[in-house]
Amino acid sequence: MLVMLRHSPHGSSWLREGLDVALVGAALGRKVHVLFLGDGVQALIAGQTSGPLGQKGTHPTLDMLEMYDIDTLLVDGESLAQRGLTIDDLQLPVSLVDAASLPRVLAEHSPIYSF
Amino acid sequence: MLVMLRHSPHGSSWLREGLDVALVGAALGRKVHVLFLGDGVQALIAGQTSGPLGQKGTHPTLDMLEMYDIDTLLVDGESLAQRGLTIDDLQLPVSLVDAASLPRVLAEHSPIYSF
Amino acid sequence: MKYALLVQGAPYSQQASHSALRFASALIARGHTLGTVFFYHDGVYNASRLATPPQDEPNLVEAWRRLHQEQGTSLLVCIAAALRRGIIDEREARRHGKEGHAVESPFELTGLGQLIDVHTTHDRLVTFSP
Amino acid sequence: MKYALLVQGAPYSQQASHSALRFASALIARGHTLGTVFFYHDGVYNASRLATPPQDEPNLVEAWRRLHQEQGTSLLVCIAAALRRGIIDEREARRHGKEGHAVESPFELTGLGQLIDVHTTHDRLVTFSP
Amino acid sequence: MLLHILNRSPASSRVPFDALRAMGDNDRLLLLEDGVYGAVAPLAETFASIRGRIFVLKEDLVSRGLEHRQAETMELVDMQGFVALTEQATQTVSWY
Amino acid sequence: MLLHILNRSPASSRVPFDALRAMGDNDRLLLLEDGVYGAVAPLAETFASIRGRIFVLKEDLVSRGLEHRQAETMELVDMQGFVALTEQATQTVSWY
């Protein structure tokens, strides 16, 4: 299954709730790939902290993905570039997806969840 | 007072709830002006209907504004143009606000509510 | 075909619930089955029995309930998303020492695993979000 | 100065409530008063006494309540926005024949007029929205 | 073939552009809710590259006062037409 | 002088552009929540016209891992600095 993450951390619960779907899928034995797209690429920015009121943020969850055997982290290159980011800015090793490959990533996965 | 309406009808309750603030303000004797901006200009498109499940929409409320002595309806011209609309497409007579006047509209009103 | 819907919008704030309910009627009219509606994110607010909409507006909670009665559709509410939002049933209310509850049958609090399983038991999943 | 806040985001879905609570602490630290918090749109969900967040996350309903206790801040909830969203108090529950309620003191269901009046009784209104 | 479902207008959101980039050559796009504002010129030009594969939910167009204003590249479907599109697609992807 | 408060990023939303158009010559803009993504190049160029009048909420920048990445045109304020901005402005306008 593919979990598309399109929302940024801290601003809303979309990212956290999308990650929960990925973790539960993996816990149930599904092969889970994650695609970061749009504002979702900002989930990967290194150096995030918890929120000022103690909101946990999502960066600790990202570090847990590997423990759940979720090791295919795909990142849309154009979304990164639009935001002035490169893979060196990210907290985890990822696979860049270029413009030509993006539709193929979606075509090759089923089911697809979009958060 | 100025009520800025920046959301479209039917998609969410922002527009309805913003209009309610305008109506209640007028009912309490405040002089209320309304500014349609961004997606909010779409509130004025003529020929709207209720939703397929019977959702009331906001077009009947717009027709009630005059009864509440809310007769200054300001519309951001650039927001209209971006959406391919002209004042002939609208259900009510409005005053167009051009780019130079927009900041002045905000400066001249207090309080300002933004929905 | 057997359909499932994922509903993620609050009922009186966004159009997602309306669209999902209309889609539900249409798929049934075309001879399909609606097996499951899964409520996640702010969609869990659709399950509140305390919702008191004005008489002249659609009663969405009632519409979901009718789907269950007429079609046997399961109305599943993600428990983790629901608890923090105050959408608790009698059992959770007791467990957390709260008086009163917001969810009752035919809505069921359940784990996210049920959303994952939807794909093995249904032919299509369509998402309605704010 | 005397401040009022308008909060329009659901508490566990959007950052608006967090920002508003932090702003509240900061303005008090600077010697101002927080007279009123008005909850509108999905902000009314902040008033649900049934919210049951995980222990390791901020309890926002509790944080609002503490503001009232420590500062005397009025916690006003728009009644029209609240009723359709299932945020009802005991009186509304009785009136609509519902058992159970989601709002209790120090949150108060009130009309939109109170939001309009804020400007005559407060020096600043700051809006936190999703 | 995937059916992409979009409820955002290109006048206020960048999500439509992400959806377009993710679409395969045979994929289809359905505009619904506030997405239908994108069916009208000049916003409709956003979707020029998927001519023949773009659909608009009629009920949502009508309730917004946009009936008969959609660009000619847009094919109208009613709710049952939307269901038919989901039958034909292997799966759906929602953009919001 | 008005204080405009923006929680949307120009990468995903058009709202920042509406806010800029509505700003007077002396008005100020505060970026907070997801708005702080706009404080980093190249998105920060969106706000080139209001140099000297644009502020960024530090806590939100830090929690998103963007500390020290903001453009030099951006002035950082903490929550108390945000309150100070609301003291100085006659009123605030929120863009979301």
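Letters A, B, ... mirror the listed sequences (proteins, then strands); counts begin at 1. Keep in mind that this is a model prediction, so the values were computed, not measured.
Both the backbone and the side chain of E/Ala11 come within less than 4.5 Å of a heavy atom of chain B. If you measure heavy-atom distances from B/Pro52 to chain E, the contacts under 4.5 Å come from the side chain alone.
Remark: B/Lys31 does not engage B/Asp69 in a salt bridge, criterion side-chain N to carboxylate O under 4.0 Å.
B/Val21 has its side chain out of reach of B/Val32: every pair of non-hydrogen atoms, C-beta onward, lies at least 4.5 Å apart.
Per-residue counts of heavy-atom pairs under 4.5 Å with chain B were compared for E/Ala41, E/Ser63, E/Gly65; the largest is that of E/Ser63. Residue with the most contacts toward chain B among E/Leu32, E/Asp34, E/Asn7: E/Asp34 (heavy-atom pairs, distance under 4.5 Å). Counting heavy-atom pairs closer than 4.5 Å to chain B, the top-ranked of the candidates E/Glu33, E/Met79, E/Arg69 is E/Arg69.
Listed for the E/His4 side chain is no donor-acceptor partner under 3.5 Å among the backbone atoms of E/Val93. At distances below 3.5 Å, at least one donor-acceptor pair connects side-chain atoms of E/Asp27 with backbone N or O atoms of E/Gly24.
There is a side-chain donor-acceptor pair under 3.5 Å between B/Ser114 and B/Arg6.
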